[in-house]
Protein chains: 4
Amino acid sequence: MRTETARVGRPRSEQARSAVLHAVDDLLVEVGYAAMTMKGIAERAGVGRQTVYRWWSTKAEILFEASVIDARQELAVPVTGDALHDTTAYVDALIAFLSRSDAGAAYRALLGEAQHDRAVAELLAGTDVLGDSARAVLAAGRGDEGPSADVLDRATAALVGPVLYWVLSGRDANRLDARRIAGASLRELD
Amino acid sequence: MRTETARVGRPRSEQARSAVLHAVDDLLVEVGYAAMTMKGIAERAGVGRQTVYRWWSTKAEILFEASVIDARQELAVPVTGDALHDTTAYVDALIAFLSRSDAGAAYRALLGEAQHDRAVAELLAGTDVLGDSARAVLAAGRGDEGPSADVLDRATAALVGPVLYWVLSGRDANRLDARRIAGASLRELD
Amino acid sequence: MRTETARVGRPRSEQARSAVLHAVDDLLVEVGYAAMTMKGIAERAGVGRQTVYRWWSTKAEILFEASVIDARQELAVPVTGDALHDTTAYVDALIAFLSRSDAGAAYRALLGEAQHDRAVAELLAGTDVLGDSARAVLAAGRGDEGPSADVLDRATAALVGPVLYWVLSGRDANRLDARRIAGASLRELD
Amino acid sequence: MRTETARVGRPRSEQARSAVLHAVDDLLVEVGYAAMTMKGIAERAGVGRQTVYRWWSTKAEILFEASVIDARQELAVPVTGDALHDTTAYVDALIAFLSRSDAGAAYRALLGEAQHDRAVAELLAGTDVLGDSARAVLAAGRGDEGPSADVLDRATAALVGPVLYWVLSGRDANRLDARRIAGASLRELD
DNA sequence: CCATAAGCGAGACGGTACGTCACGTCTTTGG
DNA sequence: CCAAAGACGTGACGTACCGTCTCGCTTATGG
């Protein structure tokens, strides 16, 4: 994605940009990640193929841009001060995100692609959607002095890991016990 | 994959079968999953393209067959009777498998593909390499009366999940504390 | 085609032979020459593929064997002594053969194939179905002393050529005037 | 073949077009019609396979386009006013075309293919290279009032047929007597 | 009367062309 | 200079058929 502001010539069409992002969202739901192609995205968006390539390199990049904002919103939970309650709410949100949300489907597709494409792996590593949101909840519950980074990472893994394993391996998300996972994670903070 | 025993006609060539499986193993390491093609596999194996398609539908199927045996071996740990020790050994094996082993790279590629190909998802669901091995270790540590399936699944998620999250999100596997993860998982069994 | 008599071992199956010849006849009508394959012939005949290849090299060879007898029969006309009448009858038979008969369709297919396959060309040259029949009619009309080979060939070309051109170039065979062609050919004999 | 003028988008590459036509010409001579493949044509022309398929459906179509202009030139003879002389010159040209010229080899291959492919038959029927040139010569020799279409067709068959039969059945073209064939054909015009 | 030999149907084998699709680039017209 | 349209060279897709090669079986001859 190019970011520097163009100074001369015709400016970038905001209409084309959002048409592409919406097309990717739609196509992910309609045909799935594997069947989604740069050609198909351009046609669906009513945009030239070159215009897509001008601003994004791969379908993963577009999908990332199209879904990361939604992802962050869906994983943000209000802070009440009750750590166990907040963390449980977060796990519920995480379960909903990974197993039911469209943005979550996009995230799973990207996480999958990252396993066989280094560029996508780096794209995801740059913005750790899951980890950042989890750390935020855990840190908020601890009040003033935050736990050390190591401890926080460990608790994050204990919080996100079980849900991720459950969903990625295709199990029924309803059988997860959010409160129990939240509790086990919080115990790692001590 | 066809399994029924053929009675008439030329029998299946065991040489061709193993050449394909080895080719897939090699190519995964050399070019990666994304760049691996059915055409490339056939050529590398010195085998006709039709022969590959005759016995496997997709590269994922071949890779699965080629790596599942190695995977099981690498994830099997000896039972000593000391539950914490055995479980910690398992977590170490799991970390090595997911982050360093070739079979583990194959598994990650397949798990990734499963996120955008239902057929691969079902293939992996049919043989839950990670879950089966984890459950075996946890159940062995409990002696006679095994824990309920639900409890065992929960502990399995607590055991496998953090490691999986850590590796899939590209973090340094050396920063994982195997003993701590094992302990947290065992606590779920009570 | 092999002809020498086998002395030992299982003798050639006459049933397989005729099944193949009939299959070729049928397939020519049903799917046409281009879509006729050795594989298809074997399957249609209920015969192993190797059995076909054991006795014939190409579909052209099979088709030739399957149709040459019919061709000769359809192009034989009774000799009455009236040269113009007999020759006209022959032209009528030739028109029917080339434009309506199944054996004629086989001949046209083979003649076509001969234009881009030397082996088929030699096969046809070995047994000049059209020329032989035409020369027989023309020679019969001349009584005792036959015309020279050159003259006979010229008259044959004048007899067969116009019909062949007409049919091969896809024109309506009904618009041909058999008597006139016969007359012109006979004039070449003087 | 598409002919309508494209208005937007990259225009058709004339270089690719002529590279394909030349490749077909060359390959026909080098490997023959049967061994000529769409793949081989594309590779020889240094052109993408899709580009070939975009403008032509079959190798016959390409060959037709590549050879019809040459064919017409080779079969055109100057009109002197002496009908027998002109017609004899035409027969000589026809003999040379069918038995020695590259364009003639292409024509024979196409005529052969037309016998087992209806599409090719229609392609040739649309532009009757042989008949058109023959009719032109015969009509020119008759002065003002042209002969009826039927009579002209009959004379054309008498002119082209014998030569065609001779060459297609693989006989030596040198043994044809052009003047005699011309004379017999002209006699059909009365 | 069994050993040897060859033909049989079936079907897998290594190849290769098929026609299609998507890739990422290039070259037009037009805003 | 951007955008659309669409042709370009490249190369994998999954299929079909090529001609060959095992298989187990059948059907002959001949010691």
Side-chain angles (χ1 to χ4, degrees), chain A residues 6-13 15-16 35-43 45-55 57-59, chain B residues 2 6-13 15-17 19 35-43 45-55 57-59, chain C residues 6-13 15-17 19 35-43 45-55 57-59, chain D residues 2 6-13 15-17 19 35-43 45-55 57-59:
Chain A
R7 316 216 112 268
V8 309
R10 182 173 178 173
R12 176 174 183 184
S13 159
Q15 181 184 318
M36 200 165 72
T37 66
M38 292 296 262
K39 187 170 186 281
I41 293 166
E43 282 168 3
V47 141
R49 217 120 73 79
Q50 192 65 250
T51 300
V52 179
Y53 282 110
R54 189 152 25 229
W55 304 109
S57 297
T58 62
K59 61 177 175 176
Chain B
R2 289 194 290 178
R7 316 224 98 268
V8 308
R10 182 176 180 173
R12 176 174 185 183
S13 161
Q15 181 183 316
R17 176 179 172 273
M36 199 165 72
T37 66
M38 291 296 259
K39 186 170 189 281
I41 293 166
E43 281 169 4
V47 142
R49 215 121 74 82
Q50 189 73 77
T51 299
V52 179
Y53 282 109
R54 188 155 24 231
W55 303 108
S57 298
T58 61
K59 60 178 175 174
Chain C
R7 314 221 111 266
V8 58
R10 183 175 180 173
R12 177 173 184 184
S13 160
Q15 180 184 317
R17 176 178 173 274
M36 199 165 71
T37 66
M38 292 296 260
K39 186 171 188 282
I41 293 166
E43 281 168 3
V47 141
R49 219 121 72 81
Q50 191 67 252
T51 299
V52 179
Y53 282 109
R54 186 150 29 226
W55 303 108
S57 297
T58 62
K59 60 177 176 175
Chain D
R2 289 193 290 178
R7 314 224 104 267
V8 309
R10 184 175 179 173
R12 177 174 183 183
S13 161
Q15 180 183 316
R17 176 179 172 274
M36 199 165 71
T37 65
M38 291 295 260
K39 185 171 190 281
I41 293 165
E43 282 169 3
V47 142
R49 215 122 72 82
Q50 190 72 76
T51 299
V52 179
Y53 282 109
R54 188 155 23 230
W55 304 109
S57 297
T58 62
K59 59 178 175 174

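The basis for the numbers below is simple: all heavy atoms, side chains too, and nothing from hydrogens, waters or symmetry mates. Chain letters run A, B, ... following the sequence lines, proteins first, then strands; residues in each count from 1.
Closest to the D:Trp55 side chain, of the nucleotides F:dC8, E:dC23, F:dT22, is F:dC8. With distances taken from any side-chain atom of B:Arg10 to the nucleotides E:dG14, E:dC8, E:dA12, the minimum falls on E:dA12. Nearest nucleotide to the side chain of D:Arg54, out of E:dC18, F:dA7, F:dG6: F:dA7. Checking F:dG9, E:dC13, F:dT26 against every side-chain atom of B:Arg12, the shortest atom distance belongs to E:dC13. Of the candidate nucleotides E:dC8, E:dA17, F:dC13, E:dA17 has the atom nearest to the side chain of D:Lys39. Between E:dG9, F:dA3, E:dT27, one nucleotide has an atom nearer to the side chain of A:Thr51 than all others, and that is F:dA3.
Rounded to 10°, the angle separating the first-five-pair axis and the last-five-pair axis of the helix from E:dC1-F:dG31 to E:dG31-F:dC1 equals 10°.
Rounded to whole Å, atom C1' of E:dC21 lies 16 Å from atom CE of D:Met38. When the C1' atom of F:dG9 is taken as reference, atom CD1 of D:Ile41 falls 17 Å away, rounded to whole Å. Rounding to whole angstrom units, OH of residue A:Tyr53 and P of E:dA22 are separated by 11 Å.
The residue D:Gly40 sits apart from the nucleic acid: no heavy atom pair falls under 4.0 Å.
Side-chain atoms of D:Arg17 and D:Trp55, non-hydrogen and from C-beta on, never get closer than 4.5 Å to each other. By the 4.5 Å heavy-atom criterion applied to side chains, A:Lys39 and A:Arg49 are counted as neighbours. Between D:Ile41 and D:Lys59 the shortest side-chain heavy-atom distance falls below 4.5 Å.
Residue-to-nucleotide contacts include a donor-acceptor pair under 3.5 Å from the side chain of A:Arg49 to the base of E:dG24. Scanning atom types as modelled, no donor and acceptor separated by under 3.5 angstrom connect the side chain of D:Gln50 and the base of F:dC8.
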